[in-house]
Amino acid sequence: MINTSQQCRQFSCGCNGLKLHNGQEGQSSRRSFIQQLGGLGAGAVIGGAGAFNLNSAFAADSEVIDTHHHFYSPSYQKAWLDWDDKYNIPHFPTQVAWTQDKAVEAMDAGGVKKSILSLASTPGVWFNFELPRIIDIVREVNEYGAGMVKKYPGRFGLFAAIPMVDVESSLREINYAFDVLKADGVGIQTNYGDKWPGHPSFAPIFEELNRRKAVVYFHPLTATCCGRLDTGTYGSVIEVPHDTTRAVVNLLLTGSLLKFRDIKWLFSHAGGTIPMLAGRINYFHGNKESTAKFAPNGIEAELKRLYYDTANATHPSSMAALLKLIPPTQITYGSDYPYVPIATQVEALNQQGFSKELLEQIKYRNALALLKKA
């Protein structure tokens with residue numbers, strides 16, 4: 001049984017939906033919902049196919065590549081825990097207990113050969129720090145991640161953080177991440193201060209990433225607008241996946257997916273609600289004369305080009321919807337570690353009756369193709 005505070009945050013990498021830009025929302029509703037979760041088991045919370053034996057070994061899955069694996073440099077971890085304390089938010093135990101060696105041990109136990117490190121979405125806009133401190137913490141995070149790649153040869157890759165809130169510092173960090181640290185891609189949030197990725201202010205950043213043919217990985221958070229909605233649950237359950245959908249739709253309708261054609265886009269949690277809403281998006285936006293300006297081959301063709309990971313999306317209904325929308329070549333394995341036990345998604349995938357070929361594609365072949373350096 002996983003304790004209730006863990007259950008709270010397993011829905012979305014640390015309940016970041018509660019930690020919005022002013023940091024004030026959702027504390028009482030979060031606690032009440034934790035109490036309501038009470039006796040739920042891990043299988044019920046995570047939504048996989050049946051009960052899981054999380055202590056089992058996965059020798060047969062030793063080739064798995066995890067593209068959704070979080071890490072914490074010392075200053076980043078301290079800033080996060082300080083934010084929790086400031087707003088009286090309970091800490092998540094496995095985040096507090098995270099260490100490099102524990103991450104490797106969890107990978108070994110779960111049969112994961114290699115994990116690509118990335119940040120979970122930062123509370124506030126970089127903890128509401130001033131720009132100089134944001135720049136410093138981003139650099140420290142990236143050097144720490146690169147240090148893990150070097151310390152454990154073959155076990156880690158890196159989706160480098162970039163500031164995003166400032167163009168010039170973002171461009172400098174992109175250069176440093178790729179040219180010096182040899183990062184595998186960049187990891188960014190679905191929004192920054194309620195600016196989604198198709199906003200014109202981000203265009204110079206994506207132009208450089210497009211020039212580099214980079215992998216751009218998105219991790220969601222609750223938008224400021226929606227953190228206080230009284231739906232009976234907290235934002236991480238509903239609003240976090242919806243924000244991935246907002247990011248995809250924003251990139252689509254602003255023409256960013258078309259303009260930045262050489263970027264390889266990777267979205268968390270099976271694209272949020274994209275598989276279920278693809279038809280609705282197409283109905284409202286796919287039959288106009290203007291469609292050709294952002295989706296000359298149709299909206300579904302654009303959605304099929306994107307990559308989607310399996311983190312918290314391995315329930316049979318989620319996988320069925322995803323595989324109906326996109327080809328199997330576009331799915332990568334994601335664990336959501338340390339907020340979800342690392343083997344959870346592997347076990348769920350193994351229980352769905354997929355062919356050996358499809359399982360191999362999801363577990364490692366697609367990631368190998370995605371991460372192949374241009």
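Just so we're clear, the structure is a prediction, and the values are computed from it rather than from any experiment.
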Side chain of [X], backbone of [Y]: donor and acceptor closer than 3.5 Å?
X    : Y    : answer
K213 : N210 : no
R155 : K113 : yes
T273 : M276 : no

Spacing of [atom1] belonging to [X] relative to [atom2] belonging to [Y], to within rounding of 0.5 Å:
X    : Y    : atom1 : atom2 : result
L251 : L258 : CG    : CG    : 12.0 Å
H269 : T244 : NE2   : OG1   : 7.0 Å
N128 : W83  : CG    : CH2   : 4.0 Å
H91  : Q77  : NE2   : CD    : 9.0 Å
T314 : Y333 : OG1   : OH    : 8.0 Å
M319 : I331 : CE    : CD1   : 4.5 Å

Determine the minimum heavy-atom distance between [X] and [Y], stating which atoms define it.
X    : Y    : result
S318 : A313 : CB-O, 3.3 Å
S201 : P204 : O-CD, 3.6 Å
P338 : H70  : CD-CB, 4.0 Å
F284 : K288 : O-CE, 3.2 Å
G145 : L117 : O-CD1, 3.8 Å

Do [X] and [Y] pair up side chain to side chain, a donor and an acceptor below 3.5 Å, judged on atom types alone?
X    : Y    : answer
H199 : N250 : no
Y144 : S75  : no
S121 : H219 : yes
D243 : T190 : yes
N366 : Y308 : no
E140 : Y76  : no

Query raised in the report: So R212 and E208, salt bridge (charged side-chain N to carboxylate O under 4.0 Å, His left out) or not? Walk me through it.
Result: CA-CA 6 Å; R212 289 178 175 270; E208 175 60 14; 2.8 Å; yes

Let me check something: do [X] and [Y] share a hydrophobic cluster, defined by ILVMFWY side-chain heavy atoms less than 4.5 Å apart, either directly or through other members?
X    : Y    : result
V165 : W80  : yes
I281 : L306 : yes
L209 : L371 : no
L370 : F156 : no
I299 : L257 : yes

Query raised in the report: Are Y307 and I326 close enough, and set up right, to give a side-chain contact (heavy atoms from CB on, under 4.5 Å), and what steps lead you there?
Result: CA-CA 9 Å; Y307 287 84; I326 68 169; over 6 Å; no

Do [X] and [Y] have side chains that approach each other closer than 4.5 Å (heavy atoms only, starting at C-beta)?
X    : Y    : result
F159 : L266 : yes
I135 : W126 : no
M148 : L158 : no

Report task. Quick one: do E63 and R365 satisfy salt bridge (charged side-chain N to carboxylate O under 4.0 Å, His left out)? Show the steps, please. Result -> CA-CA 9 Å; E63 297 298 312; R365 294 191 186 280; over 6 Å; no

Query - side-chain hydrogen bond (donor to acceptor under 3.5 Å, both in side chains) between D66 and S335, intermediate numbers included - result: CA-CA 6 Å; D66 182 1; S335 71; 2.4 Å; yes

Query raised in the report: Stepwise, does the salt bridge (charged side-chain N to carboxylate O under 4.0 Å, His left out) test hold for E302 with R261?
Result: CA-CA 10 Å; E302 293 303 310; R261 209 60 175 171; 2.7 Å; yes

Report task. Report the C-alpha distance between L323 and F354 in whole Å, list the side-chain angles of each, state the deciding distance to 0.1 Å, and finish with yes or no for side-chain contact (heavy atoms from CB on, under 4.5 Å). Result -> CA-CA 11 Å; L323 285 165; F354 291 156; 3.8 Å; yes

Query raised in the report: Applying the ring-ring contact (aromatic ring centres under 6.0 Å, His included) test to W265, which of F206, F260, Y217 qualifies?
Result: F206

